[in-house]
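To start, the structure itself, in structure tokens.
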Amino acid sequence: MSDILTKRADDYAQWYNDLVLKADLAEHSEVRGCMVIKPHGYAIWEKMRDALDGMFKATGHVNAYFPLFIPRSYFAREASHVEGFAKECAVVTHYRLKSDPEKGIVVDPEAKLEEELVVRPTSETIIWNTYKGWIKSYRDLPLLVNQWANVVRWEMRTRLFLRTAEFLWQEGHTAHATKQDAEEETMRMLDVYARFAEEWLAMPVIKGVKTESERFAGAEDTYCIEALMQDGKALQAGTSHFLGQNFAKAFDVVFTNRENRQEHVWATSWGVSTRLMGALIMTHSDDHGLVLPPKLAPVQVVVVPISKTPEQLAAITERVQPILRSLSERGITVKYDDDDTRKPGWKFAEYEFKGFPVRIAIGPRDLENGTVEVARRDTLEKETLQVTDLAEKIEHLLQAIQSNLYEKALQSREEHTRAVDTYPEFKEAIEQGGLIYAHWDGTEATEARIKEETKATIRCIPLKGDTSPGKCMVTGAPSAQRVIFARAY
RNA sequence: CGGGGUGUAGCUCAGCCCGGUUAGAGCGCUACGUUCGGGACGUAGAGGCCGGUGGUUCGAAUCCACUCACCCCGACCA
């Protein structure tokens, strides 16, 4: 069984690839850099999407949809934004094909677009161009819009979920009357992301602000949630940007304030992507396969009958019905797998590999004893339980799994977090992986040097924790507070 | 975009150096039987333009040229 999956200790990257493919989450498509998200993977993404969407709505946001194609000239409006994305844009240059005797079908050279269309790598430009028409008065603000969409970034190297040329995400784009409102929105959504990561993904995250070199192209400040994966590498799981008035100025979005004066609006944008799937996988899964937190598992409980004869299966099915009903009544999603073309052992392995949080097995012995065997995926423990009050016990078990996963991930992060004060110490520590808190003089030069010499980047300047000043571990210059270094995905 | 590698059955690969009937293995798939509480076993079967094009040759999976695709490692990035 376990021989179909590379061990994490042997080759973590290979383990990840094997897992994604063999747990049926996604596969490489024939199209370079693009993946096919398979039903099991997509079902998890849908759970994430629904949970996040609910949190966005609860904070006053509404959904809308903007075009996939952005006129090339829009990108020229905001200087740093163009610079950030120019190198990875797919561009539509023609709008028609024609048949060709030799090649079958070719681009019709006659059908060249007057102005090329950029396939959105992100939507700030088209959205701000649109907002110009929506915002006239302070009474139109705040404007709190989100969109669920696909975006394209022409990446050199891709990895399933972590970096693909096309990916799914949500991007919130908000407009505000004051700087303070926009800043509050930025932080509000950062908190939403952090809460989602911890309560749903069961993944502890650190909230922080990015250094200038890691900042989103066009932002004044980029805030992020950073998580630590099992191999000691950090993963940026979500970002929330305070855009200042940059896009409002670039697209001339002004409103009339209460004093009848014209002002540029203040903006934010924030997003999380299918990369969260990678974060989820790498946070909890083990050498036996995928491990899913119950709140994101497409199916929380699978029931496997064990029978030798059709009569036995019928008897088991009858016994199982009230169990299924009582679980459903508690809002627990459950699947009864009475497929007789697979054997129980095969099913056990399969559901374990795919990360189903709880498995209930019921066989002839259980029929006699009024029991079932309950196995939990996170610890692989099994116990035999009386059927009485089973649903209630399962409900508690699911909660226990959810919190156990979070606790384990938190403990793992703490074990792989340390503070260092000297550069030699840092170099040694970074080889061990994990998050390293160290003092930095705040200059881009020092940051670049550290990256060059150690491949570690500043993941963020944490918002909470030790904020006492010190001296830069590299230059000895004054440092306002410790920042977090790590090698990152 | 640089460096490396791989294309042969649904999957993983052998065969290629040293050209020679009908191209192999394991897994998976199909049928039947025995099985069924942790990925069972036996028997029988199906499945291939050997990535593509062009060359060399009596003869090419095998040699040569070109080409396409994908993977891995770097630089860039959510």
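Below, chain A is the first sequence line, B the second, and so on; all start at residue 1. Quick caveat: nothing in here was measured; it's all calculated off a predicted structure.
Counting only heavy atoms from C-beta on, A:Thr164 has its side chain closest to B:A78 among B:C76, B:A78, B:G37. Closest approach to the A:Pro344 side chain among B:A78, B:G38, B:C36 is made by B:C36 (side chain taken as heavy atoms from C-beta onward). Side-chain atoms of A:Glu350 lie closest to B:G39 of the nucleotides B:G38, B:C36, B:G39. Relative to the side chain of A:Glu352, the nucleotides B:C72, B:G37, B:G38 differ in distance, and B:G38 lies closest. Of the candidate nucleotides B:G38, B:C72, B:C76, B:C72 has the atom lying nearest to any side-chain atom of A:Asn17. Comparing atom distances between the A:Arg342 side chain and each of B:C29, B:G37, B:C36 picks out B:C29 as nearest. In this structure, the nucleotide among B:G38, B:G37, B:A78 sitting nearest to the side chain of A:Lys382 is B:G38. Residue A:Arg275 has its side chain nearest to B:A78 when only B:C29, B:A78, B:C72 are considered. Of the candidates B:C76, B:G39, B:G37, B:C76 carries the atom nearest the A:Lys87 side chain, counting heavy atoms from C-beta on. Closest contact between the side chain of A:Lys451 and the listed nucleotides B:C76, B:G38, B:U35 involves B:C76.
Only the P atoms considered, B:U8 is 15 Å distant from B:U53, to the nearest whole Å. Rounded to whole Å, the P atom of B:G74 lies 41 Å from the corresponding atom of B:U30. Comparing B:A44 with B:A23, their C1' atoms sit 22 Å apart, to the nearest whole Å. If you take atom P in B:U62 and the same atom in B:C66, they sit 16 Å apart, rounded to whole Å. Between the C1' atoms of B:C68 and B:G54, the separation comes to 14 Å (whole Å). Look at the C1' atom in both B:C73 and B:U22: the space between them is 43 Å, to the nearest Å. Using atom C1' as the reference point in both B:U43 and B:G37, the two lie 28 Å apart (nearest Å). Atom name C1', nucleotides B:U34 and B:C49: the rounded distance is 41 Å, in whole Å.
Using a 4.0 Å heavy-atom criterion, one finds that A:Lys210 contacts no nucleic acid atom at all. Within the 4.0 angstrom heavy-atom criterion, no nucleotide atom of any strand lies near A:Arg159. Within the nucleic acid shown, A:Phe167 comes within 4.0 Å of at least one base atom, counting heavy atoms only. Residue A:Leu235 is classed as having no contact, given no heavy-atom separation below 4.0 Å to the nucleic acid. A:Asp366 comes within contact range of at least one nucleobase, with a heavy-atom separation under 4.0 Å. The residue A:Ser273 sits close to a base: some heavy atom pair falls under 4.0 Å. Looking at heavy-atom distances under 4.0 Å, A:Thr122 makes no contact with the nucleic acid at all.
Residue A:His28 has a polar side-chain atom (N or O) positioned under 4.0 Å from OP1 or OP2 of B:C71.
If you take CE of A:Met48 and P of B:A78, they are 19 Å apart, rounded to a whole angstrom. Going from atom CD of A:Glu155 over to atom P of B:C1 covers 15 Å, rounded to whole Å. If you measure from atom CD1 of A:Ile316 to atom P of B:C36, you get 13 Å, rounded to the nearest angstrom. One interatomic measurement links the two molecules: NZ of A:Lys347 to P of B:G38, which rounds to 14 Å at whole-angstrom precision. Look at CG on A:Asp340: it is 15 Å from P on B:C36, rounded to the nearest Å. Spacing between atom NE2 of A:His288 and atom P of B:G39 amounts to 14 Å, rounded to whole angstrom units. Taking atom CG of A:Leu380 as the reference point, atom P of B:G38 lies 15 Å away to the nearest angstrom. Distance, A:Glu27 CD to B:C70 P: 15 Å, rounded to whole Å.
Between A:Asp287 and A:Lys7, no side-chain nitrogen of the basic residue sits less than 4.0 Å from a carboxylate oxygen of the acidic one, so the salt-bridge criterion is not met.
Taking a pair as Watson-Crick or G-U wobble with both distances under 3.5 Å, the runs of three or more consecutive pairs in RNA chain B are B:1-7 with B:68-74, B:10-13 with B:24-27, B:29-34 with B:40-45, B:51-55 with B:63-67.
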Candidate pair A:Gln300 and A:Lys295, rule side-chain hydrogen bond (donor to acceptor under 3.5 Å, both in side chains), full reasoning: CA-CA 8 Å; A:Gln300 295 167 315; A:Lys295 287 172 88 167; over 6 Å; no

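Looking at heavy atoms from C-beta onward, A:Glu155 lies out of side-chain contact with A:Thr164 at the 4.5 angstrom threshold. A:Met229 has its side chain within reach of A:Thr283: a pair of non-hydrogen atoms, C-beta onward, lies under 4.5 Å apart. Side-chain contact between A:Ile127 and A:Phe251: absent, with no pair of heavy atoms (C-beta onward) separated by less than 4.5 Å.
Distance check, rounded to the nearest 0.5 Å: CG of A:Asn404 to CZ of A:Arg376 gives 5.5 Å.
No cation-pi contact links A:Arg195 to A:Tyr193, judged by a cut-off of 6.0 Å to the six-membered ring centre and 45° from its axis. A:Phe348 carries A:Arg359 over the face of its six-membered ring, with the cationic atom under 6.0 Å from the centre and within 45° of the normal.
Map A:Ala375 and A:Arg459 each onto its nearest nucleotide of RNA chain B; the residue landing nearer the 5' end is A:Ala375. Toward the 5' end of RNA chain B, the nearer of the two residues A:Trp346 and A:Arg153, judged by each one's closest nucleotide, is A:Trp346.
Here A:Trp270 and A:Phe56 bring their ring centres to under 6.0 angstrom of each other. Side-chain rings of A:His81 and A:Phe216 approach one another, their centers coming within less than 6.0 Å.
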